[in-house]
Amino acid sequence: MKKVTTGGGWPAVAYTFRKAKEAGGIWKLWKAMRSKNACKTCALGMGGQRGGMVNESGHFPEVCKKSLQAMVADMQGAITTDFWKKCTPEMLRSLSPKELEDCGRLTQPVLYTPELKRFQPISWGDAYDRIAKQLKALSPEETFWYFSGRSSNEAGFLLQLFARLYGTNNVNNCSYYCHQASGVGLTSVTGSGTATIQLEDLDEADLVFVIGGNPASNHPRLLRTLMQVRRRGGEVVVINPIVETGMVNFSVPSDARSLLFGSKIASLYVQPHIGGDLALLAGIAKQIIELNQHDQEFLDAHCSGWAELAASYHDMSWEEIIRKSGISREEIDKIADRYAKAENVVFSWTMGITHHENGVENVQAIANLALMRGMVGRPGAGLMPIRGHSNVQGIGSVGVTPKLKDAIFESLEKHYDVKLPTVQGRDTMDCMEGAGTGELKFGFCLGGNLYGSNPDAHFAEKSLRNLETLVYLSTTLNTGHAYGLAKETIILPVLARDEEPQPTTQESMFNYVRLSDGGPTRHEGPRSEIEVIADMAQRVLGPKSSGVDWSLMRDSGRIREAIAAVVPGFEKIASIAETKKEFQIGGRTFRDPQFATHDGKAQLHSHELPNLKGNGSQIRLMTIRSEGQFNTVVYEEHDFYRGVPRRDVILLHPEDITRLGLDPSITISVHGPAGSMRGIHVHPFEEIRPGNAAMYYPEANVLVSRHLDPKSKTPAFKCVLVTLESESLAVVGA
């Protein structure tokens with residue numbers, strides 16, 4: 001398919017009408033999108049009490065293809081009883097991720113066992129009884145509890161409370177496989193693991209760095225902000241091994257001028273090798289020092305560790321920096337010159353930074369660079385991890401972590417007059433390892449696709465298969481329901497956010513708590529996540545166990561009262577349903593250079609530069625998402641912006657195709673550290689830096705090893721060394 005020259009634009013408008021047709025008409029979709037509910041996709045911050053398609057700053061319209069895709073998926077018809085009569089795992093495995101999503105909404109609890117050989121509908125009572133019986137028969141340390149960012153703060157808080165009162169700290173969330181390195185890295189610098197800015201600060205920025213990400217595809221609403229930076233005469237520096245179409249040009253559909261004439265986004269585009277980020281960031285910092293553009297007064301007054309950091313930059317040779325980053329001195333100078341001239345700078349990044357074995361160090365290096373010129377701790381400048389799902393940050397805030405923060409732990413014990421478990425909890429990968437060894441026997445997944453988000457897909461399948469019971473709370477089918485099957489697998493159908501019978505809350509990546517009103521249910525059968533969790537806790541722990549009256553915890557207002565009493569900064573959540581006043585969480589957005597660290601100063605960190613991986617026969621691979629995809633959910637098989645018509649491909653620069661002696665008319669095998677993929681089509685792609693390659697996530701997870709960043713326990717989905725082998729037959733019609 002032909003590659004487009006701009007993101008967004010009229011094709012996005014046409015796509016909206018196509019999706020509206022699927023949803024039952026433009027008016028029906030309009031009403032759904034305008035309801036007072038937080039966006040179901042990214043955490044950039046849309047919806048809530050300002051109404052759908054309105055961002056935190058009050059701007060309307062704010063909408064993107066991702067939010068449309070998620071809404072239309074929830075507006076699908078129900079999966080029929082006839083479907084379940086033929087629903088074997090083999091049948092589900094024959095479907096692509098998109099085809100699974102398109103099967104329809106889940107409306108009946110279903111059960112799979114090897115004896116049944118298929119999924120079959122069961123009653124809610126039978127499902128609850130099976131789950132309760134298993135939990136009562138096991139010790140708490142034989143269970144794990146996994147949370148996605150799709151759920152509400154109320155559901156997240158309630159389920160982690162259930163798990164801890166049951167007796168385990170094996171409580172973790174999907175951020176371990178995405179932005180945990182951001183949280184750990186930022187906490188080590190500022191004392192808070194979230195963005196240091198508000199959305200409004202971007203309106204004052206005259207330079208925005210976008211590092212290791214493609215928000216044009218994954219967070220399209222940010223492109224309007226970047227467009228405005230350029231219109232004000234500011235700069236946007238993009239650092240990415242792939243030149244992404246939407247990061248070069250984007251036609252913002254909600255802006256007439258941009259829609260008609262397009263908007264330039266990147267003022268400078270730099271392509272390091274995959275894994276070269278730390279060296280590049282160090283090079284920019286070194287050049288800032290050589291230009292004498294660092295803020296010595298700020299560093300002395302508000303930072304710890306400057307002497308050590310300055311010495312480390314001094315000891316790095318330019319030859320080492322250039323060799324390990326793949327970026328010339330001239331390009332580094334261009335970046336540093338722009339940074340030196342800017343007055344208000346925001347540094348943003350995504351998983352191209354965190355998905356490395358040194359992901360935390362990458363985040364710390366970005367923070368070092370920002371702090372060198374005093375760009376943290378004041379309005380209009382700061383650090384901005386671009387988080388994925390719309391409430392992944394909130395889930396962590398309300399206690400969904402293996403180790404609770406001391407303040408939350410103490411408040412929980414005091415509020416409910418209970419003793420919580422103190423045994424060290426397992427992170428997400430540790431839970432998968434424990435399932436594989438048989439130490440863990442029961443898993444509970446609140447949304448998400450645990451199987452699909454794991455590296456080493458064969459291992460993930462075997463580990464989940466080793467469990468005695470696995471419970472999914474889901475709205476639609478995904479690859480986890482096809483491959484992530486335990487000896488007993490139960491899928492419980494739950495309501496989408498805009499179908500909840502009671503208001504719920506979510507937290508954006510800017511630490512802003514939003515209120516979703518919920519709305520009418522679209523199908524009979526699915527239940528509220530809060531209701532399901534409270535009912536199960538009551539069956540397992542008793543109606544009034546450990547100081548908690550579980551019948552009262554079916555009320556989202558009661559849960560918010562508990563959150564307000566337990567979680568620092570969330571005091572205003574208790575009355576949010578009555579006041580309708582959404583709020584910023586205190587202590588996270590640094591308007592002054594006083595940080596939440598032991599000495600009140602930002603902590604600088606020195607690093608050794610890692611060697612650039614690979615040799616002549618290997619190529620550095622990163623897993624990527626397509627334009628028609630969100631997390632593990634695939635809405636479109638093609639990748640519109642990159643001009644790629646299918647997903648079983650590897651994107652290679654023509655130079656590498658020639659160097660490796662490959663023929664694009666012949667499929668290849670790709671061999672990685674965890675496994676191999678065969679029948680892969682070679683897609684010549686000039687936009688990727690030679691020496692590097694890209695394949696689509698989650699399909700390519702079979703290649704990715706379980707090697708983790710030791711500090712954050714985040715898998716290295718980037719910089720995977722692979723070898724390529726031609727297969728014997730030419731591709732028909734290639």
Side-chain angles (χ1 to χ4, degrees), residues 207 209-213 235-243 247 266-294 308-342 345 347 349 352-353 355-359 361-370 372-373 604-622 652-653 655-656 659 686-694 716 718-721:
L207 172 59
F209 282 88
V210 181
I211 310 172
E235 304 245 28
V236 175
V237 174
V238 180
I239 299 173
N240 193 324
I242 295 178
V243 175
M247 296 306 296
S267 48
L268 180 65
Y269 210 120
V270 181
Q271 292 179 270
H273 285 300
I274 300 169
D277 305 285
L278 194 59
L280 173 57
L281 293 164
I284 301 168
K286 183 178 177 71
Q287 179 63 7
I288 287 293
I289 296 172
E290 294 187 2
L291 292 171
N292 197 32
Q293 290 297 316
H294 57 292
E308 295 82 0
L309 182 61
S312 73
Y313 290 144
H314 179 270
D315 292 341
M316 293 176 190
S317 71
W318 280 110
E319 184 279 330
E320 178 188 19
I321 290 169
I322 293 166
R323 172 169 46 85
K324 291 182 175 180
S325 68
I327 298 300
S328 69
R329 176 70 186 274
E330 291 74 20
E331 286 184 286
I332 293 173
D333 288 351
K334 288 179 182 178
I335 303 172
D337 287 344
R338 283 166 169 78
Y339 183 29
K341 293 173 183 175
V345 185
F347 290 80
W349 66 92
I353 283 293
H355 273 172
H356 291 271
E357 60 186 46
N358 60 325
E361 293 185 348
N362 285 340
V363 173
Q364 290 171 338
I366 293 172
N368 287 344
L369 190 55
M372 284 179 63
R373 294 199 60 235
L604 300 168
H605 296 266
S606 303
H607 311 110
E608 292 185 7
L609 302 185
N611 290 320
L612 195 61
K613 292 185 175 182
N615 55 43
S617 63
Q618 296 172 318
I619 198 156
R620 289 174 291 273
L621 174 77
M622 62 178 176
L652 287 170
H653 194 280
E655 288 181 15
D656 289 319
R659 177 176 63 85
E686 293 184 352
E687 290 77 11
I688 195 167
R689 174 74 185 267
N692 305 275
K718 308 292 189 282
C719 210
V720 180
L721 296 183

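As the structure is a computational prediction, the values presented were derived from the model and not from experiment. Counting from 1, the numbers follow the sequence of the chain as shown.
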Student: Taking the side chain as every heavy atom from C-beta outward, state whether I335 and F209 have any atom pair closer than 4.5 Å.
Tutor: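 Heavy-atom side-chain distance check passes, below 4.5 Å.
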Student: Just to verify, what does L612 make a side-chain contact (heavy atoms from CB on, under 4.5 Å) with, not counting sequence neighbours?
Tutor: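 For L612, the residues satisfying side-chain contact (heavy atoms from CB on, under 4.5 Å) (neighbours in sequence not counted) are H273, R620.
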Student: Would you compute the distance between atom CZ of R659 and atom NE2 of H653 and round it to the nearest 0.5 angstrom?
Tutor: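 Interatomic distance, R659 CZ to H653 NE2, rounded to 0.5 Å: 11.5 Å.
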Student: Just so I know, are the side chains of N358 and D277 near enough to count as touching, which here means a heavy-atom distance under 4.5 Å?
Tutor: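 Answer no - side chains too far apart.
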Student: Quick check: closest heavy atoms across P610 and K324, and the distance to 0.1 Å?
Tutor: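 Nearest heavy atoms, P610 then K324: O-CD, 3.3 Å.
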Student: With a 6.0 Å cut-off (strictly less than), is the heavy-atom count around CD of E608, excluding the residue itself, greater than 12?
Tutor: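 At most 12 heavy atoms, drawn from other residues, nucleotides or ligands, come within 6.0 Å of this atom.
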Student: Show the nearest heavy-atom pair for residues M316 and A282, with the distance to one decimal.
Tutor: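 Smallest interatomic distance, heavy atoms only, reads SD-CB, 3.7 Å.
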Student: Strictly distance-based, threshold 3.5 Å: is any side-chain N or O of D656 a donor or acceptor partner for the main-chain N or O of G691?
Tutor: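 Such a contact is found between D656 side chain and G691 backbone.
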Student: To the closest 0.5 Å, what do you measure between CG (L207) and OG (S267)?
Tutor: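 Answer rounded to 0.5 Å: 7.0 Å.
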Student: Would you say that I321 contacts L609 through its side chain, given a criterion of any heavy-atom pair below 4.5 Å between the two side chains?
Tutor: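 Side chain of I321 against side chain of L609, heavy atoms only: contact under 4.5 Å found.
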Student: Can you name the residues that form a side chain to side chain donor-acceptor pair (under 3.5 Å) with Q287, not counting sequence neighbours?
Tutor: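 Per chain and number, Q287 pairs via side chain to side chain donor-acceptor pair (under 3.5 Å) with R329, D333.
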Student: For E686, which residues count as a side chain to side chain donor-acceptor pair (under 3.5 Å) partner, sequence neighbours excluded?
Tutor: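 Applying side chain to side chain donor-acceptor pair (under 3.5 Å) to E686 gives none.
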Student: Could you walk me through whether V720 and M622 pass the side-chain contact (heavy atoms from CB on, under 4.5 Å) test, one step at a time?
Tutor: CA-CA 6 Å; V720 180; M622 62 178 176; over 6 Å; no
Student: Quick one: are I353 and K718 in side-chain contact, heavy atoms under 4.5 Å?
Tutor: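 Counting from C-beta outward, I353 and K718 never come under 4.5 Å.
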Student: Can I242 and R689 be said to form a side-chain contact (heavy atoms from CB on, under 4.5 Å), step by step?
Tutor: CA-CA 6 Å; I242 295 178; R689 174 74 185 267; over 6 Å; no
Student: Decide side-chain contact (heavy atoms from CB on, under 4.5 Å) for V238 and L268; before the verdict, give the C-alpha distance in whole Å, the side-chain angles of both, and the deciding distance to 0.1 Å.
Tutor: CA-CA 6 Å; V238 180; L268 180 65; over 6 Å; no
Student: Of all residues at least two apart in sequence or in a different chain, which pass the side-chain contact (heavy atoms from CB on, under 4.5 Å) check with E319?
Tutor: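 Partners of E319 under the side-chain contact (heavy atoms from CB on, under 4.5 Å) test: S317, R323.
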Student: From I274 CD1 over to L621 CG, what is the distance, rounded to the nearest 0.5 angstrom?
Tutor: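 So the CD1 of I274 and the CG of L621 are separated by 6.5 Å.
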Student: Shortest non-hydrogen contact from L652 to I688?
Tutor: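 Scanning both residues, the minimum pair turns out to be C-CG2, 4.0 Å.
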Student: Counting only N and O atoms by type, is there a donor-acceptor contact under 3.5 Å from the side chain of Y339 to the main-chain atoms of V345?
Tutor: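 Answer holds: no.
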Student: Please tell me if the side chains of N292 and H294 come closer than 4.5 Å, counting only heavy atoms from C-beta onward.
Tutor: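 Counting from C-beta outward, N292 and H294 do come under 4.5 Å.
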Student: Taking atom types as modelled and ignoring hydrogens, do the side chains of E361 and H605 form a donor-acceptor contact shorter than 3.5 angstrom?
Tutor: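 There is no such pair between these side chains.
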Student: Is the shortest distance from a Lys or Arg side-chain nitrogen in K613 or E357 to a carboxylate oxygen in the other one below 4.0 Å?
Tutor: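 The answer is yes: the pair qualifies as a salt bridge.
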Student: Is Q271 reaching over with its side chain to a backbone N or O of E687, donor-acceptor style, under 3.5 angstrom?
Tutor: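 Flag set: sc Q271 to bb E687 pair under 3.5 Å.
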Student: Run the numbers on I239 and I327 for side-chain contact (heavy atoms from CB on, under 4.5 Å), then give the verdict.
Tutor: CA-CA 11 Å; I239 299 173; I327 298 300; over 6 Å; no
Student: With sequence neighbours excluded, tell me which residues meet side-chain contact (heavy atoms from CB on, under 4.5 Å) with K341.
Tutor: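 Checked K341 against side-chain contact (heavy atoms from CB on, under 4.5 Å); zero matches.
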Student: Without swapping roles, check the side chain of K286 against the backbone of Y313 for a donor-acceptor pair under 3.5 Å.
Tutor: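 Side chain of K286 to backbone of Y313: a pair is present.
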Student: Can you tell which of I284, V236, V237 makes a side-chain contact (heavy atoms from CB on, under 4.5 Å) with R338?
Tutor: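 Going through I284, V236, V237 one by one, the side-chain contact (heavy atoms from CB on, under 4.5 Å) with R338 is satisfied by V237 alone.
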Student: Got a second to check how far L309's CG is from M372's CE, nearest 0.5 Å?
Tutor: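 It comes to 7.0 Å.
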Student: Please report the shortest heavy-atom distance between A365 and L281, naming the atom on each side.
Tutor: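 Minimum heavy-atom separation between A365 and L281: CB-CD1, 3.8 Å.
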Student: List for me each residue that meets side-chain contact (heavy atoms from CB on, under 4.5 Å) alongside A370, sequence neighbours excluded, and say none if there are none.
Tutor: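 If we apply the side-chain contact (heavy atoms from CB on, under 4.5 Å) test to A370, skipping adjacent residues, the hits are F347, M375, V376, L383.
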Student: How far does OG of S617 sit from CG of L721, to the nearest 0.5 angstrom?
Tutor: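 With rounding to 0.5 Å, OG (S617) is 9.5 Å from CG (L721).
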